[in-house]
There are 2 protein chains.
Amino acid sequence: MNKTQITIKDIGRALNISPSTVSRALKNHPDISQQTKDSVNKYAKDFHYKPNTLALSLRMSKNNTIGVIVPELVHYFFSSILSGIEQVANQQNFNVIICQSSENYENEVRNTKALISTRVSGVLACLSKHTTNYDHFQEIIDSEIPLVFFDRICIGIHTDRVVVDDYSGAFSAVEYLIQTGCKRIAFYSSPIHLEISKNRKNGYLDALRKYNIPIDESLIYVCDTREEAIIITPEILDRPDRPDGFFAINDHCASGIMYAVKLAKLRIPQDISIFGFSDGELAKACDPMLSTVEQHGFEMGKNAATLLLAKINGENQGQFTNKIVKTNLIIRGTTR
Amino acid sequence: MNKTQITIKDIGRALNISPSTVSRALKNHPDISQQTKDSVNKYAKDFHYKPNTLALSLRMSKNNTIGVIVPELVHYFFSSILSGIEQVANQQNFNVIICQSSENYENEVRNTKALISTRVSGVLACLSKHTTNYDHFQEIIDSEIPLVFFDRICIGIHTDRVVVDDYSGAFSAVEYLIQTGCKRIAFYSSPIHLEISKNRKNGYLDALRKYNIPIDESLIYVCDTREEAIIITPEILDRPDRPDGFFAINDHCASGIMYAVKLAKLRIPQDISIFGFSDGELAKACDPMLSTVEQHGFEMGKNAATLLLAKINGENQGQFTNKIVKTNLIIRGTTR
DNA sequence: ATACTTCCCGCAAACGATTGCATAACTTTT
DNA sequence: AAAAGTTATGCAATCGTTTGCGGGAAGTAT
């Protein structure tokens, strides 16, 4: 910290008045004479007085900061969520401090402790891929810090939640694939203990059921990165009963599938249709451009932050909302 | 903030000792008896005592927080920088609070004021595209808050800086295009008042000069998004003297060029070579995959944060480093 | 018995801001 | 002229933590 920032005491000393008078003058308290107010304001302006938010937070027992725990900053979906959070937080004069778990449980625990220690006013969190124990989040609740989960939520803990409509996004995407002629559709999923995986899988299964397409468990894979997709897809394409459609848990993964399909000299979408999930930066860069489920990360971030700030402001005490952000299909070139 | 977090006073009251003793016991001060230490530590652990960082910062006049001002979170390059920053900050027990300028000057000013008010220990900043006045950054300096610029730096102000080796990245890319047979190379640039634009343009020009290729100012465009590229490229391809190579200021832009080129039924790279800059998420998703200049955002973030933390710790007083992060070419399919 | 250590611990001030209460100097009322 | 009211300001406590200094109790040496 620095010494050049002047304080209320400095102003008082310079003007020969007490700190309390300065404080009241600055906030236009009726008790203070106009003359005093004027001189205080002038001095404050001339010397760039800025209130020390630390002292304010301490005194007021109210820290205008919220913490966000996110698995990986570098993914478009997460950074767009963060962008939404940042926007509504700033509108209400809140700072946001970010923590990355890097999809690692220990980091996530460390992050929660740090946020509690910082006395943030609230926490927004998205579970790491490998989190299966939730005690650290319970500790946030026990500390009476409002908490809302987004995207990868936690069922065990009673909080506000914001999720994408994974089920119907998946359902519609798979339905679209079926309606455009796909008979055997593979599903590449994230680890199945995650709610998003479960929900999307259910959407996938229900769409198949609706159209009386037999469910083949051997068409469901755990694979959620481009690299993995490039590795596992070739042998799947080699199967005598190879799929004619792929539904991927995210765009990266879809892009990996595209790569493998082209390598196998199969045509997209004539031979193989591919559906992604996210509508991130890569979707339009693919050739053909990727059909995908738009999941509105920015909206999700705004919703999550709004919910959290309401709780922080003491609204909706005791009730927990479960906000579902709609998805919609974006049909481009990887589907018929 | 919440009331459930216990304080040092609470521990003292419960154990019938003074807060000072508790404080000393917690930090293993030699003056305190082992017995007292034990009971304090036990109580602290049992009731999840966590020091109040606000009070600590206030008392110590030292806020373990750094602020980052970034134009747009959602771009891969920036989020990877932030990711690097976050990593080294966390290693040294610093929090990072993020601010987006959204490429807007007023937001940037607002952000700097907020960070000063928060008494952050230091600031990392990347100029918005439209910033041409730097008074708000001077105010940070005047407040004796360490400041380091990254990527889009500011020449007028005396600070540490971390930049990508724009000049030689551009030079090498253009040289590569020339060496693989391109005779007329177009350059799509960001607004030219930005240092990165100037430097890359110089690299571009020098490469042409080196190979005695005449410089044609009509081949230099201000265009740095995919959308713009899609709009302006078709007519450029229609020119009788159309270019046979494109050097784009970023991958998005390159992806837009690719789109337009394919639309014009020209072949990549046989008819037209394309070089991007960044190596973001889309580069590999393109077909053919994009040849691009890797600019190591993560490294840049780590470097910037390291430099800043050194200054915060009082090292390298009075001297300003100018760190240049090397770039390297990644040759993929959009070049011969 | 006196003096000197050593060992533990508490007091109080400080960081910057807010706020209930007291108080000084005037002004108005009776 | 005394009582009451007004106006403008200061005092002091508070938020949670740290730390210089002082001091009591017990032990040791003279």
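Note on naming: letters A, B, ... go to the chains in the order of the sequence lines (proteins, then strands), and numbering restarts at 1 for each one.
Listed by chain and number, the residues in a side-chain contact (heavy atoms from CB on, under 4.5 Å) with A:His193 are A:Thr132, A:Pro191 (sequence neighbours excluded). Checked against salt bridge (Lys or Arg N to Asp or Glu O under 4.0 Å), B:Arg13 has the following partners two or more places apart in sequence or in another chain: B:Asp10. Listed by chain and number, the residues in a side-chain contact (heavy atoms from CB on, under 4.5 Å) with A:Asn41 are A:Leu26, A:Lys37 (sequence neighbours excluded). In this structure B:Asp46 satisfies the salt bridge (Lys or Arg N to Asp or Glu O under 4.0 Å) test together with B:Lys42, sequence neighbours excluded. Partners of B:Phe137 by ring-ring contact (aromatic ring centres under 6.0 Å, His included), not counting sequence neighbours, listed by chain and number: B:Phe149. Shown here are the side-chain contact (heavy atoms from CB on, under 4.5 Å) partners of A:Asn316, two or more places apart in sequence or in another chain: A:Ala310, A:Lys311, A:Gln319. Under the side-chain contact (heavy atoms from CB on, under 4.5 Å) criterion, B:His29 pairs with B:Arg24, B:Asp31, B:Ile32, sequence neighbours left out.
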Under 3.5 Å donor-acceptor pairs involving side-chain atoms of residues 87-97 of chain B, not counting sequence neighbours:
unit_1  : atom_1 : unit_2   : atom_2 : d
B:Asn90 : ND2    : B:Glu86  : OE2    : 3.4
B:Asn95 : ND2    : A:Thr118 : OG1    : 3.4

Acceptor/donor pairs from residues 65-76 of chain A side chains to any protein atom, 3.5 angstrom cut, sequence neighbours excluded:
unit_1  : atom_1 : unit_2  : atom_2 : d
A:Thr65 : OG1    : A:Asn63 : OD1    : 2.8

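Nearest heavy atom pair, residue A:His130 against residue A:Tyr105, reads O-CB, 4.5 Å.
Between the C1' atom of C:dG16 and the CE atom of A:Met60 lies a distance of 11 Å, rounded to the nearest Å. Rounded to a whole Å, the CG atom of A:Leu56 is 16 Å from the P atom of D:dC15. In this structure, CZ of A:Arg119 is placed 7 Å from P of D:dT17, rounded to the nearest angstrom. Straight-line distance from the NZ atom of A:Lys27 to the P atom of C:dG20: 11 Å, rounded to whole Å. Regarding A:Leu54, its CG atom lies at a distance of 11 Å from the P atom of C:dA17, rounded to whole Å.
Residues from residues 43-51 of chain A lying near DNA chain D, meaning a heavy-atom separation below 4.0 Å, are absent.
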Anything under 3.5 Å between a protein N or O and an N or O of nucleotides 10-13 of chain D, put it in a table, one pair a line.
unit_1 : atom_1 : unit_2  : atom_2 : d
D:dG10 : OP1    : A:Ser18 : N      : 3.4
D:dG10 : OP2    : A:Ser18 : N      : 2.9
D:dG10 : OP2    : A:Ser18 : OG     : 3.0
D:dG10 : OP2    : A:Thr21 : OG1    : 2.4
D:dG10 : O6     : A:Arg24 : NH1    : 3.3
D:dG10 : O6     : A:Arg24 : NH2    : 3.3
D:dC11 : N4     : A:Ser20 : OG     : 3.0

With both pairing distances under 3.5 angstrom for Watson-Crick or G-U wobble, and | for a partner in another strand, the correct string for DNA chain C is ||||||||||||||||||||||||||||||

